[in-house]
Colleague: 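This is the structure, below, for whatever I ask next.
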Amino acid sequence: MTEFDLAAFQKEALERWTHAFESNPSQKEKYYLTVAYPYPSGAMHVGHGRTYIVPDVIARFWRMRGMQVLYPMAFHVTGAPVIGISKRIARKDEKTIKLYRDLYKVPPAVLDKFTDPLTIVKHFSDEYQRVMTGCGLSIDWRRRFTTVDPTYSKFIEWQWKHLYEAGHVTKGVHPVRYCTHDENPVGDHDLLEGDKAEVIKFTLVIFKFDDAIIPTATLRPETIHGVTNLWVNPNVTYVRALVDGKPWVISREAAEKLQLQDHVVTIEKEITGRDLINKTVSHPLCGEIQILPADFVDPDMASGMVMSVPAHAPFDFIALRDLQRQGKYKNIKPIPLIKVEGYGEIPAQDAVETAGIINQLDTRMEELTQEIYSAEFSKGKLFERFGGKPVRIAREEVAQEMIEKYGSVIMYEFDTRPVVCRCGNRVQVKILHDQWFLKYSDQSWKSQVSDQLRDMVLVPPEVRLEFDRTVDWLKDWACTRRVGLGTRFPWDTTQLIEPLSDSTIYMAYYTIAHRIREISPEKLTPEVFDYIFLGIESPNLPEKEKLDAMRKEFLYWYPYNFRFSAKDLISNHLTFQIFHHVAIFQKHQLPKGMVVFGMGLLNGAKMSSSKGNVFLLEDAINEFGADTVRMFLMGSAEPWQDFDWRNELVLSTKKQIERFYNAIHEMKDVGGEPEDIDIWLMSRLQEHIGRTTTALDNFQTRQALQEAYFGIENDLKWYRRRLSEGCDGSRMLVSLCSAWVRLLAPFIPFTCEKLWQEFGEQGLVSFADWPVEDKKLVNRRIELAEELLLRTVEDIDSIRKLIQITPKCITLSLAPLWKHTVFITIARSADKTLAIREIMKDNAMRRRGKEAMDTVKQCTNLIHRLPPQIVEMIASEGVNERAVFEQAKSFLEKEFGVPVHITDAEGSAHAKALTALPFKPAIVIE
RNA sequence: GCGGGGGUAGCUAAGCCUGGCCAAAGGCGCCGGACUUAAGAUCCGGUCUCGCAGGAGUCCGUGGGUUCAAAUCCCACCCCCCGCACCA
């Protein structure tokens, strides 16, 4: 026997597996599954491990069930993150260097070359392949590609041509975070500060001011009728500037921002805030009002000018109150215009006074503002004289009206500030032109996607709601970028196709990836792909034979059966890919199913590379063995649940594998004669096979392992206990071993490959036949008998512990026939109360009086406690209790070390014998 | 805020859709025992409370309700996690 040595098993199996999982079209039925490909900007951790092992287990399962399985892998390298990383490394950024050198263990010589982004992804994609192979993933590596391969770009161009022609791509304007120093849009990864900041849309309400205008920024244009004054910060220097040729009075900051938002701005002169105080302005909807001083006015917020609605804005209310307490502006009264449940006539006053706010410096002001804002938005209604509409509707309408009739303009601003770029410069909102969008807002496109979703299998089913919501909610998606790696956008080659948008139908590309390399990229015209994927013939197609082979391959594999991905991709990638599929492929080639994963935790905390809270997959393999990692990840939670990696649990998984390995070794050569208990074991095995198969059909890796591993192990425990003295099992165990090894092969392929070889099997267990449940071997009668015995043994045990005397003998008294009749009558009747009446009609029963009634109660109780199938079997077939116990007599005597007597309860001298019930003999220990 | 998912014994986690097999699987931890010079590993037993007869009591976020019967169905509340876009 070979020692249990996972590392050695791995080495051996990996050699035997070289090229084994390369998969080509064949006569067999296909099963094509894909996972979201990784973005290789760092080392793999155990969380990644699960993402790729789950599909591998499924792939291995279907392969053993005789399907032609394709499990391909590629690397996603388009986008900006890796560029940021290379820049940071070039700049010798301490944190980044530490991460790559210490956590990801990149050798110094290689790290030096990481100033080139492509070197980073090359390094890690090689590492990914090495580690994935080490995990035993049954991937067809011939089909590996990266998203910056020239041939792949040709494929993307073809895809976009179709999207464009179908009207799914449009040009528009879009506000983005923008750094004026770098002259580029700023992604999340490039932010030093303010990564939570959102761009929000202000309406500038235009007030006339002498020959100029004052634009005040508001999120609540519907409150225009409640404006009583403007606010200006007396300590700030404002400017008079020509905006698109007209004179505006705004803050200096605003002047700068407006330039980025499609306005031509020239500053004419400075005006101090103090000079503006008490001046008069006007607006058609609220007439002439005064400018008042307020310190809370922030010149860096939008236009730097604020209109005051004291009835509905706590800040406005309190600033006004502060002034009035100094005896000024006594004539100004708040003008309420919104009715909102839970607040008085003047909501802002109500809120401020209830909270006991003293002045505008109070720290609770922000909170209070938010509270009123939300309450009025969700529950508020304008007064009848202002239209009577709910705030949420009126706001949009008034804003629209303001723009159309009163010269209002839109201004974008961050909701929280400051937002700072990595270069240290302040980030602003800029309106980008020439921004291209995918029109996910298109209703007819959406409805095609919804239709497709209805036809798809979603695992787990609960995610369907989330998908439906996402489709419903998706707006146009900005699909081009100015920085990063990727395919040039065909209609504006200064831009690139955004990384989520170039990864939507690449599952089709896998089918041809290994063949298309043989054709040089410049020959790959859209017509070529039209032919391969859509079967559209056209003249002068190059290298027709190769194209035919690709077409054949595509037709064989497509559509994919299942796509696997973590659940955080539901709201983008997983939904996008359906949009793109319905836009390009024919109905019968649309995706069939998706499996959505949960996330990984490490010792209870969320795994995060940037926080260093990761455990590298390769380290895990080296420390525990690949099979251990696989079995742990598959057994600790179902795929869609979050799992938690804990080293101590992983260690015990390793012991389980070892226990399995040793058990097989002990059993595979025994050759005793089969006993009844062998029939029981075989019968149980069939059920485990059936349930393991069902579980894997449903992607329940955990459930499958429970059945295939613990289920069988527990049966073996009972089996060994039941064997006759000196017997170590029958030759039937050999077939159990064979089935057991195959059942576990998808989970722990390395160990199983080794065992399979030791059985003297020629081929790989990876391609062996999956065990099939043999219904002929299922023997309910024997299972029922064992169940009776097991329960009785448990009962004897618990009594023995309780009474603490040294038993001299055990007597089992069996229930009389009439109690069986009672039991069966109750078991068979749907309504238990009717059953009682039925039983008591019988004269013989009635004569037994209280004893009969008690039996009825006890039987009812017992029936509810027993598993339904058992009750049903007792009722239908019955069980010969005497025979069961007589046969198990020597077993019981061995178990308890005392003589065991089996008697009928009726006529027994023991009072306890009266308690005997069907399936529950009375036990007397003396 | 909007949307989605959850709260089960010391921890972890099944069960919930389809109400009685539920004092509630499995695993971990802990306790005891066997083995061992010892430790580890392994195996056996225990692990809500009470009980010298296989039983009883309390229990599945909180509070109500439906039912002969509720972890499971209904209502309300509290708490936790995830997504919300130009980012892979």
Side-chain angles (χ1 to χ4, degrees), chain A residues 36 38-39 41 76-82 174-177 185 187-190 195 198 370 373-374 377-378 432 435-438 440 460-470 472-481 484 498-501 503 567-573 598-599 601 604 606 632 635-638 640-644 646 648-649 651-653 655-656 658-659 662 702-703 705-706 709-711 713-714 717 791-792 794-805 831-833 860-871 912 915 920-925:
Chain A
Y39 185 91
S41 64
H76 190 209
V77 303
T78 34
V82 78
H174 189 60
V176 296
R177 288 186 298 228
D188 267 343
H189 296 272
D190 299 320
D195 55 335
E198 277 183 59
Q370 192 57 44
Y373 181 99
S374 305
F377 181 71
S378 54
L432 280 189
Q435 176 62 55
W436 293 80
F437 292 89
L438 279 166
Y440 292 141
E462 300 90 86
V463 297
R464 184 170 294 279
L465 260 174
E466 221 172 328
F467 273 104
D468 288 341
R469 282 292 312 172
T470 303
D472 197 40
W473 155 93
L474 269 178
K475 302 191 268 274
D476 291 347
W477 179 267
C479 61
T480 56
R481 295 208 63 188
E498 177 274 331
L500 279 176
S501 302
S503 302
K567 66 175 164 207
D568 52 342
L569 294 189
I570 292 178
S571 62
N572 47 57
H573 166 74
M599 312 293 273
L601 303 176
K606 191 179 172 178
F632 174 77
S636 60
E638 298 295 4
W640 41 90
Q641 296 168 323
D642 295 348
F643 74 95
D644 192 3
R646 289 176 193 263
E648 69 271 18
L649 300 192
L651 214 55
S652 80
T653 304
K655 287 179 209 155
Q656 285 160 0
E658 183 167 6
R659 219 156 60 212
N662 293 335
R702 179 195 159 93
Q703 180 67 36
L705 261 178
Q706 294 274 334
Y709 184 85
F710 297 103
E713 193 186 43
N714 278 334
K717 267 188 200 168
R791 281 168 184 270
T792 308
E794 277 170 4
D795 279 353
I796 296 174
D797 259 333
S798 66
I799 296 170
R800 220 164 42 127
K801 261 165 222 138
L802 219 52
I803 58 174
Q804 291 170 349
I805 57 165
D831 185 335
K832 307 298 181 214
T833 40
T860 311
N861 211 345
L862 182 62
I863 284 166
H864 282 153
R865 282 157 177 267
L866 289 170
Q869 319 99 287
I870 288 194
V871 172
K912 293 241 177 280
T915 64
K920 201 169 176 60
I923 297 162
V924 180
I925 299 177

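Since the structure is predicted, the reported quantities are computational estimates derived from the model, not experimental observations. In what follows, chains are A, B, ... by sequence order, proteins preceding strands, each numbered from 1.
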Colleague: Can you confirm whether A:V77 sits close enough to A:V82 that some side-chain heavy atom of one is under 4.5 Å from a side-chain heavy atom of the other?
Modeller: no

Colleague: Provide the distance between the two C1' atoms, one in B:C68 and one in B:G63, to the nearest whole Å.
Modeller: 24 Å

Colleague: With rounding to whole Å, what would you report as the distance between B:U42 and B:G51 at their P atoms?
Modeller: 35 Å

Colleague: Take atom C1' in B:G57 and the same atom in B:A13, then report the distance between them in whole Å.
Modeller: 26 Å

Colleague: Looking at A:T653 and B:G27, is any side-chain donor or acceptor paired with a base atom of the opposite kind under 3.5 Å?
Modeller: no

Colleague: Roughly how far apart, to the nearest Å, are B:A41 and B:G29 at atom P?
Modeller: 9 Å

Colleague: In whole angstrom, give the distance that lies between atom CZ of A:F467 and atom C1' of B:C82.
Modeller: 15 Å

Colleague: For A:Q703, answer base if it contacts any base atom (sugar-phosphate contacts may also be present), sugar-phosphate if it contacts only those atoms, and nothing otherwise; contact means non-hydrogen atoms under 4.0 Å.
Modeller: nothing

Colleague: Rounded to the Å, how far apart are A:L474 CG and B:G3 C1'?
Modeller: 13 Å

Colleague: Of all heavy-atom pairs between A:A922 and A:T915, which one has the smallest distance, and what is that distance?
Modeller: CB-OG1, 3.7 Å

Colleague: Both distances under 3.5 Å, Watson-Crick or G-U wobble: report the partner of B:G45, or none.
Modeller: B:C31

Colleague: Rounding to an integer number of angstrom, what distance separates B:G26 and B:G5 when you compare their C1' atoms?
Modeller: 24 Å

Colleague: Between P on B:C16 and CD on A:E462, what's the gap in Å once rounded to a whole number?
Modeller: 12 Å

Colleague: Are any non-hydrogen side-chain atoms of A:F643 and A:Q641 less than 4.5 angstrom apart?
Modeller: no

Colleague: Nearest-Å distance, NZ (A:K920) to P (B:A53)?
Modeller: 15 Å

Colleague: Do the side chains of A:E713 and A:R659 get close enough for a salt bridge, i.e. N-O under 4.0 angstrom?
Modeller: yes

Colleague: Heavy atoms under 4.0 Å, any strand shown: does A:P921 hit a base, just sugar-phosphate, or nothing?
Modeller: base

Colleague: Start at the 5' end of RNA chain B and walk down; is the nucleotide closest to A:N714 or to A:D795 reached first?
Modeller: A:N714

Colleague: Take atom CG of A:L862 and atom C1' of B:G55, then tell me their distance rounded to the nearest Å.
Modeller: 14 Å

Colleague: NA contact type, A:I923, heavy-atom cut-off 4.0 Å: base, sugar-phosphate, or nothing?
Modeller: base

Colleague: Among B:A88, B:G54, B:C86, which nucleotide has an atom closest to any side-chain atom of A:A478?
Modeller: B:C86

Colleague: Between B:G54, B:G27, B:C86, which one does the side chain of A:F437 approach most closely?
Modeller: B:C86

Colleague: Classify the nucleic acid contact of A:T470 as base, sugar-phosphate or nothing, counting any heavy atom under 4.0 Å across all strands shown.
Modeller: nothing

Colleague: With sugar-phosphate meaning primed atoms plus P, OP1 and OP2, does A:V176 contact a base, only sugar-phosphate, or nothing at under 4.0 Å between heavy atoms?
Modeller: nothing

Colleague: Give one of base, sugar-phosphate or nothing for A:A922, where a contact means two heavy atoms less than 4.0 Å apart.
Modeller: base

Colleague: Just checking A:I796: base, sugar-phosphate only, or nothing, at a heavy-atom cut-off of under 4.0 Å?
Modeller: nothing

Colleague: Rounded to whole angstroms, how far apart are CG on A:L569 and P on B:A88?
Modeller: 12 Å

Colleague: Give the nucleotide from the list B:A25, B:C86, B:G54 with an atom nearest to the side chain of A:S798.
Modeller: B:G54

Colleague: Of the non-hydrogen atoms in A:S503 and A:P499, which two are nearest, and what is the gap between them?
Modeller: OG-O, 3.1 Å

Colleague: Among B:A88, B:G5, B:G83, find the nucleotide with the atom closest to the side chain of A:S571.
Modeller: B:G83

Colleague: In Watson-Crick or G-U wobble terms, both distances under 3.5 Å, what is the partner of B:C73?
Modeller: B:G65

Colleague: To the nearest angstrom, how far is A:E794 atom CD from B:A25 atom C1'?
Modeller: 13 Å

Colleague: Using a heavy-atom cut-off of 4.0 Å across all strands, would you classify A:H76 as base, sugar-phosphate, or nothing?
Modeller: sugar-phosphate

Colleague: Can you check the distance between B:A24 and B:G55, where both ends of the measurement are the P atom (answer in whole Å)?
Modeller: 10 Å

Colleague: Tell me which of A:E713 and A:N572 sits closer to the 5' end of RNA chain B, going by the nucleotide each one is nearest to.
Modeller: A:E713

Colleague: Work out how far the C1' atom of B:G46 is from that of B:A9, and round it to whole angstrom.
Modeller: 15 Å

Colleague: B:U58 and B:G3: how far apart are their P atoms, nearest whole angstrom?
Modeller: 40 Å

Colleague: Could you work out which one of B:U42, B:A53, B:G27 sits closest to the side chain of A:I925?
Modeller: B:A53

Colleague: Hey, does A:K567 have a side-chain heavy atom less than 4.5 Å from the side chain of A:D642?
Modeller: yes

Colleague: Does a side-chain N or O from A:Q641 land closer than 4.0 Å to OP1 or OP2 of B:U12, or not?
Modeller: no

Colleague: Return the nucleotide paired to B:G51: Watson-Crick means purine N1 to pyrimidine N3 with N6-O4 or O6-N4, wobble means G-U with N1-O2 and O6-N3, both under 3.5 Å.
Modeller: none

Colleague: Under 4.0 Å, counting only non-hydrogen atoms across every strand here, what does A:R702 touch: a base, just sugar-phosphate, or nothing?
Modeller: base

Colleague: Using a 4.5 Å cut-off on heavy atoms from C-beta on, say whether the side chain of A:Q656 contacts that of A:F710.
Modeller: yes

Colleague: Under 4.5 Å between any side-chain heavy atoms of A:L649 and A:S636, yes or no?
Modeller: no

Colleague: Checking only heavy atoms, does the side chain of A:R481 share a donor-acceptor pair with the base of B:A88 at less than 3.5 Å?
Modeller: no

Colleague: Which nucleotide, if any, forms a Watson-Crick or G-U wobble pair with B:A9, using both distances under 3.5 Å?
Modeller: none

Colleague: I'd like to check A:E638 versus A:Q703 (side-chain heavy atoms, cut-off strictly below 4.5 Å). Are they in contact?
Modeller: yes

Colleague: Atom CH2 of A:W473 and atom C1' of B:C82: how far apart are they, to the nearest Å?
Modeller: 13 Å

Colleague: Can you tell me the pairing partner of B:G83 across any strand shown, Watson-Crick or G-U wobble, with both distances under 3.5 angstrom?
Modeller: B:C2

Colleague: So, is A:R469 close to the B:G83 phosphate, meaning a side-chain N or O under 4.0 Å from OP1 or OP2?
Modeller: no

